[in-house]
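To start, the structure itself, in structure tokens.
All figures in this text were calculated on a predicted structure; none of them were measured in a lab. Chain A is the first sequence line, chain B the second, and so forth, proteins listed ahead of strands; every chain is numbered from 1.
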2 protein chains.
Amino acid sequence: MTIETAPLKTSSKYHHGNLRQSLLLAAKELIAEHGIEALSLRKLADKVGVSRTAAYHYFVDKNDLLCALAANGFKRWQTSLDQLSCNQLPDRDKFEQYVLAYIAFATNNPEEYELMFGRCIWKQSQCTVELQEISHTTFQHQVEMIDQWQSIGLINGDSSLRTAQVIWGTLHGIAKLFIDGVYNDVTRVEEIVISALPMFLAAKD
Amino acid sequence: MTIETAPLKTSSKYHHGNLRQSLLLAAKELIAEHGIEALSLRKLADKVGVSRTAAYHYFVDKNDLLCALAANGFKRWQTSLDQLSCNQLPDRDKFEQYVLAYIAFATNNPEEYELMFGRCIWKQSQCTVELQEISHTTFQHQVEMIDQWQSIGLINGDSSLRTAQVIWGTLHGIAKLFIDGVYNDVTRVEEIVISALPMFLAAKD
DNA sequence: CAATCAATCTTGACACTGTCAAAATACAAG
DNA sequence: CTTGTATTTTGACAGTGTCAAGATTGATTG
């Protein structure tokens with residue numbers, strides 16, 4: 001199974017080199033393919049070609065590894081947000097883009113999304129400081145976007161924080177109903193979320 | 001540990017009597033106290049005072065038991081719905097009651113709610129026919145309520161199905177953000193959901 | 001009352017999981 | 001070459017779901 005039983009000259013790696021990175025990558029693949037709950041440290045170690053407990057030198061826990069994966073997810077989503085906030089579309093379209101981007105991110109990477117916003121990490125409230133910070137930053141960023149749209153008069157609501165929470169709740173809820181399989185026709189998710197847009201947008205005159 | 005090692009005259013129960021019911025009750029308690037993922041068939045058997053594999057005579061699976069629990073949850077929620085739909089309040093208040101009842105049900109029984117609407121059961125798409133039916137019935141019931149409110153002109157939207165899905169998505173999303181621990185101040189959930197109400201309600205003239 | 005039978009429950013076993021402690025290996029610095 | 005440190009492995013343990021086979025019971029016959 002493992003290639004390096006007979007040490008070859010090119011790379012007789014007892015030392016793997018960049019095990020931490022490899023573990024994260026392999027874990028991401030395994031999770032994307034078979035779901036979070038199907039990930040075991042032993043299968044992961046097998047896939048990377050390393051022994052069962054090797055991961056414990058880079059992650060204190062299975063939970064710690066999952067937190068690192070989630071943090072990576074937040075970084076990806078953050079760059080999507082940055083990209084979106086610096087384009088030149090009119091505000092209304094920008095808002096629509098934001099909503100669609102959120103749903104696209106969630107449905108295209110359902111397991112990563114579940115890791116970022118699901119109970120697996122947050123319920124046990126044992127999340128890494130790294131994850132704590134990046135997730136907080138991202139949320140803050142989103143609140144600011146909503147805040148600006150609200151000051152423009154594009155979207156409704158009294159408190160911008162409350163509005164942001166409600167909008168987030170709606171997107172999160174719709175996404176999760178599909179991700180978790182309560183709804184099973186994923187092709188309909190865009191329709192639903194678009195039909196939700198008028199609720200947020202202020203009545204145009 | 002077990003009382004019935006020495007068979008007493010009162011009840012030398014090798015046969016438990018109503019094991020299925022007892023298992024469901026104990027499982028519900030264990031889950032409510034320690035969460036779904038902490039439930040093991042062996043701890044459950046211990047709590048009921050029976051051997052590890054006894055449950056397999058009443059449930060084909062652990063999944064089957066969880067489905068039965070979820071089905072019970074739907075029955076409870078269904079009766080709440082019935083109770084609500086036959087009261088005499090004005091429609092606007094009735095809608096508000098519905099929204100608050102939904103959130104209350106979710107936050108007061110978070111683990112049961114997770115069982116009913118969470119990935120644990122629906123993702124693997126191995127749900128019992130009983131659960132399939134009762135959940136479908138319940139959802140249908142809710143769509144009808146929304147449908148009526150929409151025909152009255154109380155709430156917005158074009159398609160009543162889409163509107164129901166969006167409203168459900170919003171409630172579900174807000175509830176899940178709290179249940180899963182993404183938000184941790186549960187006392188704020190009512191505020192948020194109330195601030196979401198104007199989005200659904202048609203502008204009053 | 002005794003024998004038989006089906007329902008009910010238990011025991012044994014297996015593969016799988018996360019994780020700890022101790023050993024083995026490789027590489028770098030002296 | 002030796003020593004030390006970073007890295008990886010092996011051994012072990014408790015816990016999990018679940019299958020197959022055996023044990024126990026209450027009911028149903030003759």
Side-chain angles (χ1 to χ4, degrees), chain A residues 1-24 26-27 30-31 34-69 115 120-121 123-124 126, chain B residues 1-24 26-27 30-31 34-69 115 120-121 123-124 126:
Chain A
M1 190 76 55
T2 52
I3 312 173
E4 55 276 1
T5 44
L8 305 175
K9 61 170 182 286
T10 59
S11 60
S12 76
K13 24 181 149 177
Y14 180 98
H15 286 52
H16 183 282
N18 50 353
L19 184 53
R20 192 191 144 95
Q21 212 64 12
S22 300
L23 285 170
L24 286 176
L30 280 179
I31 281 181
H34 304 106
I36 298 177
E37 34 277 313
L39 176 75
S40 80
L41 292 185
R42 306 168 101 109
K43 289 190 215 139
L44 176 59
D46 262 22
K47 178 169 172 123
V48 177
V50 89
S51 114
R52 326 164 226 132
T53 62
Y56 283 87
H57 207 262
Y58 299 95
F59 306 96
V60 323
D61 245 348
K62 183 182 183 181
N63 180 69
D64 193 33
L65 189 149
L66 294 178
C67 284
L69 281 177
L115 220 44
C120 170
I121 284 182
K123 188 71 191 293
Q124 4 260 335
Q126 275 178 335
Chain B
M1 191 76 55
T2 54
I3 312 175
E4 55 277 0
T5 43
L8 306 175
K9 61 169 183 282
T10 59
S11 60
S12 74
K13 26 180 147 179
Y14 181 98
H15 285 54
H16 183 283
N18 50 353
L19 184 53
R20 192 191 145 97
Q21 212 63 12
S22 300
L23 285 170
L24 286 176
L30 280 179
I31 282 181
H34 304 106
I36 298 177
E37 33 277 313
L39 176 75
S40 80
L41 292 185
R42 304 168 102 109
K43 289 188 214 138
L44 175 59
D46 262 21
K47 177 169 173 124
V48 177
V50 89
S51 114
R52 349 180 202 114
T53 61
Y56 283 87
H57 208 263
Y58 299 95
F59 306 96
V60 324
D61 245 346
K62 183 182 184 181
N63 180 70
D64 193 33
L65 189 149
L66 293 179
C67 283
L69 280 178
L115 220 44
C120 170
I121 285 183
K123 188 73 191 294
Q124 5 260 335
Q126 276 177 336

Could you note down all residue pairs passing salt bridge (Lys or Arg N to Asp or Glu O under 4.0 Å) where residues 53-62 of chain A supplies at least one of them, sequence neighbours left out?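 As it turns out, there is no salt bridge (Lys or Arg N to Asp or Glu O under 4.0 Å) pair with a partner in residues 53-62 of chain A once direct neighbours are skipped.
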Rounded to whole Å, please give me the gap between [atom1] in [X] and [atom2] in [N].
X	N	atom1	atom2	answer
N18(A)	dC27(C)	CG	C1'	16 Å
H57(A)	dT5(D)	NE2	P	13 Å
L44(B)	dG17(D)	CG	P	9 Å
R42(B)	dC14(C)	CZ	C1'	11 Å
L41(A)	dG18(C)	CG	P	4 Å
E37(A)	dT17(C)	CD	P	14 Å
L39(A)	dT19(C)	CG	C1'	15 Å
I36(B)	dG17(D)	CD1	P	14 Å

Hey, could you give me the [atom1]/[atom2] distance between [X] and [Y], rounded to the nearest 0.5 Å?
X	Y	atom1	atom2	value
C120(A)	E37(A)	SG	CD	8.0 Å
Y58(A)	L19(A)	OH	CG	5.0 Å
L69(A)	I121(A)	CG	CD1	8.0 Å
L44(B)	R52(B)	CG	CZ	14.0 Å
L39(B)	I31(B)	CG	CD1	4.5 Å

Tell me whether S40(A) contacts the main-chain N or O of K43(A) through its side chain, where contact means a donor paired with an acceptor under 3.5 Å.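 Yes; at least one donor-acceptor contact below 3.5 Å.
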Compute the bend angle of the helix from dC1(C)-dG30(D) to dG30(C)-dC1(D) from the end axes (five pairs per end), rounded to 10°.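 What I find for the helix from dC1(C)-dG30(D) to dG30(C)-dC1(D) is an axis angle of 20°.
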Closest-nucleotide ordering on DNA chain C, the 5'-leading residue of S40(A) and A55(B):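 Nearest-nucleotide comparison on DNA chain C picks A55(B).
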Does a nitrogen or oxygen in the side chain of K43(A) sit under 4.0 Å from OP1 or OP2 of dC16(C)?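 No, because none of the side-chain N or O atoms of K43(A) sits under 4.0 Å from OP1 or OP2 of dC16(C).
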Within a radius of less than 6.0 Å around CD of Q124(A), do more than 12 heavy atoms belonging to other residues, nucleotides or ligands occur?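 Atom CD in Q124(A) is crowded, with more than 12 foreign heavy atoms closer than 6.0 Å.
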Whether the side chain of [X] and the base of [N] hold a donor-acceptor pair under 3.5 Å is what I'd like checked.
X	N	value
T53(B)	dT11(C)	yes
R52(B)	dG15(D)	no
S51(A)	dT10(D)	no

Sub-4.0 Å heavy-atom contacts from residues 58-68 of chain B onto DNA chain D, ordered by number: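 Hits under 4.0 Å, by residue number: D61(B), K62(B).
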Can you find a heavy atom in the side chain of Y56(A) that is under 4.5 Å from one in the side chain of L41(A)?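 Side-chain contact under 4.5 Å: yes.
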